[in-house]
Amino acid sequence: MRTLVLWLVFCLACGSVLAAEEEGEKKAEDKATMTAEPRSSTTQHSIRIDGETVRYSATAGWLIMENDEGDPIARFGYTAYNRDGVADVARRPLMFAFNGGPGSSSIWLHMGVLGPRRVVVADADFTLPPPYELADNE
């Protein structure tokens, strides 16, 4: 009986070591596939503002924050709206808006107030759950 118990303990220990090795390899693979480089995706759109059609690009992406040794430690997401066809981008208006974090997602800053499209809400009443109606944000 004692030999059987020792044999079972040995098998369980070997299985745990193998599982830990596999998990370590998987974490290494996951870390290798996680990019530490900035990424973005841009789409083209148009909107009517005061009767004028305005073409713009919407870019969503992330930037990488590094520590003093140059190792990546965080990704920061962003959304940017740029009017297309602007000859001198150095003279265009520019606004930075920071939002999000615990308790409130930044989606409501973009889709509620600042973005080119907005969610239609009933200001005096409770807003119904999704799906929401979208409208141009003139």
Side-chain angles (χ1 to χ4, degrees):
M1 179 74 165
R2 184 171 176 218
T3 305
L4 179 61
V5 170
L6 289 174
W7 178 251
L8 288 173
V9 169
F10 175 75
C11 289
L12 288 173
C14 288
S16 296
V17 168
L18 291 175
E21 285 179 9
E22 287 178 13
E23 187 172 329
E25 289 172 6
K26 181 169 178 8
K27 284 182 181 179
E29 287 174 14
D30 289 346
K31 189 173 183 181
T33 59
M34 266 200 300
T35 183
E37 297 176 2
R39 292 269 176 103
S40 66
S41 177
T42 302
T43 55
Q44 273 61 51
H45 307 272
S46 66
I47 187 172
R48 292 195 55 80
I49 300 175
D50 291 331
E52 178 187 352
T53 299
V54 176
R55 298 194 185 290
Y56 68 96
S57 299
T59 303
W62 67 69
L63 301 172
I64 304 298
M65 179 183 205
E66 297 176 345
N67 63 17
D68 292 340
E69 290 78 36
D71 299 321
I73 58 172
R75 282 193 243 185
F76 287 92
Y78 68 91
T79 304
Y81 305 104
N82 295 301
R83 186 172 186 165
D84 294 340
V86 174
D88 185 3
V89 294
R91 298 183 46 83
R92 70 171 191 247
L94 181 64
M95 175 177 55
F96 291 95
F98 299 94
N99 189 38
S104 178
S105 169
S106 61
I107 186 67
W108 291 111
L109 182 64
H110 291 279
M111 295 299 292
V113 179
L114 299 177
R117 306 264 301 153
R118 65 176 177 79
V119 173
V120 177
V121 296
D123 290 335
D125 296 321
F126 290 107
T127 300
L128 297 174
Y132 298 112
E133 178 185 350
L134 296 178
D136 287 351
N137 190 6
E138 295 204 23

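By the side chain to side chain donor-acceptor pair (under 3.5 Å) test, Arg83 pairs with Glu52, sequence neighbours left out. Under the side-chain contact (heavy atoms from CB on, under 4.5 Å) criterion, Ala74 pairs with Met65, Phe76, sequence neighbours left out. The side chain to side chain donor-acceptor pair (under 3.5 Å) check on Ser41 picks up nothing, with sequence neighbours excluded. Remark: Thr59 engages Thr42 in a side chain to side chain donor-acceptor pair (under 3.5 Å) (not counting sequence neighbours). Applying the side-chain contact (heavy atoms from CB on, under 4.5 Å) criterion to Ala97, with sequence neighbours excluded, gives Leu109, Leu114. Scanning for ring pair (Phe, Tyr, Trp, His ring centres under 6.0 Å) contacts around Tyr78 gives an empty result, with sequence neighbours left out. For the side chain to side chain donor-acceptor pair (under 3.5 Å) test, residues two or more places apart in sequence or in another chain that qualify with Ser57 are Gln44, Asp84.
The list of salt bridge (charged side-chain N to carboxylate O under 4.0 Å, His left out) pairs with a residue in residues 59-69, not counting sequence neighbours, is empty. Within the structure, salt bridge (charged side-chain N to carboxylate O under 4.0 Å, His left out) contacts touching residues 129-138 (residues at least two apart or in different chains) are Arg117-Asp136.
Connectivity analysis of hydrophobic side chains (ILVMFWY, heavy atoms under 4.5 Å, direct or indirect) links Val54 to Ile47, Ile49, Tyr56, Tyr81.
Among all heavy-atom pairs drawn from Ile64 and Pro38, the shortest one is CG1-N, 3.7 Å.
We find the CG-CZ distance between Leu63 and Arg75 to be 11.5 Å, quoted to the nearest 0.5 Å.
Between Leu134 and Met111, some side-chain heavy-atom pair lies under the 4.5 Å cut-off.
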Could you pull out every donor-acceptor pair under 3.5 Å between side chains of residues 87-95 and any protein atom, sequence neighbours left out?
| unit_1 | atom_1 | unit_2 | atom_2 | d |
| --- | --- | --- | --- | --- |
| Asp88 | OD1 | Ala90 | N | 3.2 |

